[in-house]
Amino acid sequence: MRITDMHITPIAIVDPPLLNAAGLHAPYALRIVVELVSEDNIYGLSEVPGHYDTLAALEAARAVVIGSDPFNFNGLQLRLTERFGTVDEARGSAPWDQRKLVHVLSALDVACLDLTGKAIGRPVVDLLGGKVRDRVDFSAYLFYKYEGAGGELGFDTDPSATGWAAARQKAALDPQGVVAQAQAMCNEFGFKSIKLKGGAMEPQIEVDSMLALAEAFGPGTPLRLDPNAIWKLETAIECGKQLEGVLEYYEDPVRGQEAMGQLRKAVNIPLATNMCTTSFEDLPGSVRHHSEDIILSDHHFWGGLRASMDLARFCRVFGRGMSMHSNSHVGISLAAMVHLAAAVPNLTYACDTHYPWQSDEVITQGRFHFEDGAIEVSNEPGLGIELDRAALAKLHEQYKTCGLTYRNDEIEMQKVEPGWKFMSTRW
Ligand code: GKR
Ligand code: MG
């Protein structure tokens with residue numbers, strides 16, 4: 001079987017004004033939809049974060065991809081690395097990953113799996129070695145936020161909305177706002193675990209928010225706090241002491257494997273990361289510093305679903321737990337995340353997802369449905385989704401008119417707070 005066509009479509013999806021250590025989400029999040037088409041007209045899909053560099057890299061990869069056998073991803077990967085090298089850009093100090101090559105590999109790995117799964121009539125999870133669970137649990141992902149639900153001028157709000165749709169528009173800037181957001185989100189989706197995106201407020205406000213969540217949801221509710229590495233070691237120790245016995249895990253409070261390893265010795269809470277151990281090259285350092293207890297996988301920046309299975313094996317051998325990281329996304333990524341999580345026996349934590357914050361979709365079955373905080377693993381061929389071409393065209397148009405070509409939360413924040421600057425360590 002040969003790949004005869006490759007469509008690369010950048011899209012913009014509505015995103016609310018969520019706060020994080022790097023600033024503020026823009027009214028639109030950017031994604032790239034990749035579609036590989038085989039000679040017998042079967043197509044495979046994937047979705048990766050949108051950045052003009054990734055777009056250019058995918059365009060450059062097209063010549064290598066066309067004519068390749070989608071069943072031979074190893075061969076394709078080899079030819080891509082021969083052509084583009086194995087050295088990627090730096091991950092960068094932002095909360096999200098800014099490398100290029102890993103995103104290209106991820107886009108191609110997932111699209112090849114979707115395509116070949118469809119060709120042989122088996123779900124992607126079977127191609128990853130088979131299912132160990134039928135449902136994948138997700139966690140409520142809370143953000144401090146300004147009012148609004150994103151979209152044009154940031155005012156895509158509906159005054160007649162109720163439930164989560166109304167809560168999604170509301171501002172949440174203090175512990176009470178965070179608890180109200182959590183209640184609305186958990187009521188709607190049935191999530192049992194809760195993560196708060198930290199690094200946006202004074203540390204004590206974030207600690208108080210976690211204590212308020214513990215009080216509101218009761219003991220035993222798995223709670224996580226993620227300041228995206230913006231705290232000093234002393235701050236992380238001081239805050240961590242207040243959160244011992246409260247947090248399920250403490251995600252990237254400080255920057256770098258060494259500092260994480262020191263923090264780990266000073267506080268009695270499992271540490272998790274999607275910032276200090278984010279690539280196979282980082283694994284020796286992870287072992288040397290014992291920088292974390294749990295690694296958040298993310299197929300977009302570990303180089304695909306198959307590479308994430310390799311990460312799972314490392315985690316098993318070196319005694320790391322495995323969870324899953326996310327960024328603003330639509331249903332193609334969500335479907336891939338579900339197939340991966342269903343195939344990894346040691347992925348025992350509820351996965352992150354930004355999905356409840358988004359409202360746009362590019363798949364014909366519409367928005368995914370969470371039942372008791374979980375998504376059922378599809379038994380349909382491939383990822384089990386079909387591309388809604390009219391929706392894709394609309395979201396591509398939105399991309400062309402929104403004026404964004406990469407994510408820059410600092411610029412968005414400066415629109416609200418002139419002169420605001422990202423600092424890699426703030427508190
Ligand atoms: O969406 O603002 C955000 C998050 O901060 C995201 O970019 C991070 O990559 O969710 C992520 C994390 O867990 O660090
Ligand atoms: Mg994180």
Side-chain angles (χ1 to χ4, degrees), residues 13-31 48-51 91-99 102-103 106 138-146 150 168 172 181 193-201 206 223-231 236 247-257 260 263 269-279 282 291-302 321-330 333-334 337 349-358 404 406-413 422 424 426:
I13 55 174
V14 167
D15 205 27
L18 308 178
L19 288 154
N20 65 29
L24 182 66
H25 282 214
Y28 297 94
L30 307 182
R31 307 291 287 176
V48 288
H51 189 294
R91 181 206 174 277
S93 50
W96 59 95
D97 198 298
Q98 300 177 51
R99 288 172 294 160
V102 285
H103 286 102
S106 170
F138 285 87
S139 63
Y141 197 165
L142 313 179
F143 282 82
Y144 294 102
K145 75 179 285 281
Y146 294 135
R168 185 173 160 266
Q181 188 186 94
S193 306
I194 301 176
K195 161 169 169 169
L196 173 64
K197 172 56 45 180
M201 298 286 167
E206 302 195 346
L223 299 178
R224 309 147 182 189
L225 172 64
D226 177 10
N228 276 127
I230 205 178
W231 288 354
L247 293 189
E248 176 189 40
Y249 59 71
Y250 201 15
E251 188 177 322
D252 290 311
V254 291
R255 194 169 294 280
Q257 291 179 326
M260 286 282 280
L263 176 62
I269 315 175
L271 294 192
T273 191
N274 64 274
M275 292 187 76
C276 74
T277 303
T278 58
S279 69
D282 291 333
S291 39
E292 71 284 310
D293 301 281
I294 298 140
I295 296 181
L296 272 69
S297 61
D298 183 322
H299 71 269
H300 307 90
F301 62 70
W302 281 88
M322 193 159 155
S323 186
M324 194 182 280
H325 165 265
S326 85
N327 265 306
S328 309
H329 63 96
V330 286
S333 278
L334 187 57
M337 289 156 76
Y349 295 94
C351 301
D352 288 355
T353 179
H354 285 58
Y355 199 67
W357 290 108
Q358 275 78 62
L404 303 169
Y406 72 107
R407 177 174 175 182
N408 188 329
D409 292 14
E410 185 184 51
I411 290 182
E412 292 306 317
M413 190 67 160
F422 169 67
S424 59
R426 186 179 291 279

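Whatever order the structure lists them in is the order used to number ligands and atoms, beginning at 1.
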| Between Trp231 and Tyr250, what is the ring plane arrangement, given parallel below 30°, perpendicular above 60°, and tilted in between? | perpendicular
| note | In this structure, CG of Leu271 is separated from CG of Leu263 (nearest 0.5 Å) by 5.0 Å
| request: Please work out whether the ring planes of Phe143 and His354 are parallel, tilted or perpendicular, with thresholds of 30° and 60°. | output: tilted
| message | Is it the case that the side chains of Asn20 and Asn228 hold a donor-acceptor pair, with the cut-off being a distance below 3.5 Å and no angle test? | response | no
| query | So what's near the Mg ion (ligand 2), protein N, O or S atoms under 2.8 Å? | reply | Asp226 OD2, Glu251 OE2, Asn274 OD1
| request: Check whether the side chains of Ser328 and Arg407 place a donor and an acceptor atom closer than 3.5 Å, and report yes or no. | output: no
| field | Ring geometry between His51 and Tyr406 (parallel below 30°, tilted from 30 to 60°, perpendicular above 60°) | value | tilted
| said: For a quick check under 3.5 Å, do Thr353 and His329 share a side-chain donor-acceptor pair by atom type? | reply: yes
| task | Check for a donor-acceptor pair, side chain of Arg31 on one end and backbone N or O of Val330 on the other, with a separation under 3.5 Å. | result | no
| query | So, Tyr355 versus Phe138, ring centres under 6.0 angstrom or not? | reply | no
| Per-ligand residue contacts, ligand 1, heavy-atom threshold under 4.0 Å | Asn20, His25, Pro95, Trp96, Tyr141, Phe143, Lys195, Lys197, Asp226, Asn228, Glu251, Asn274, His325, Ser326, Asn327, His354, Arg407
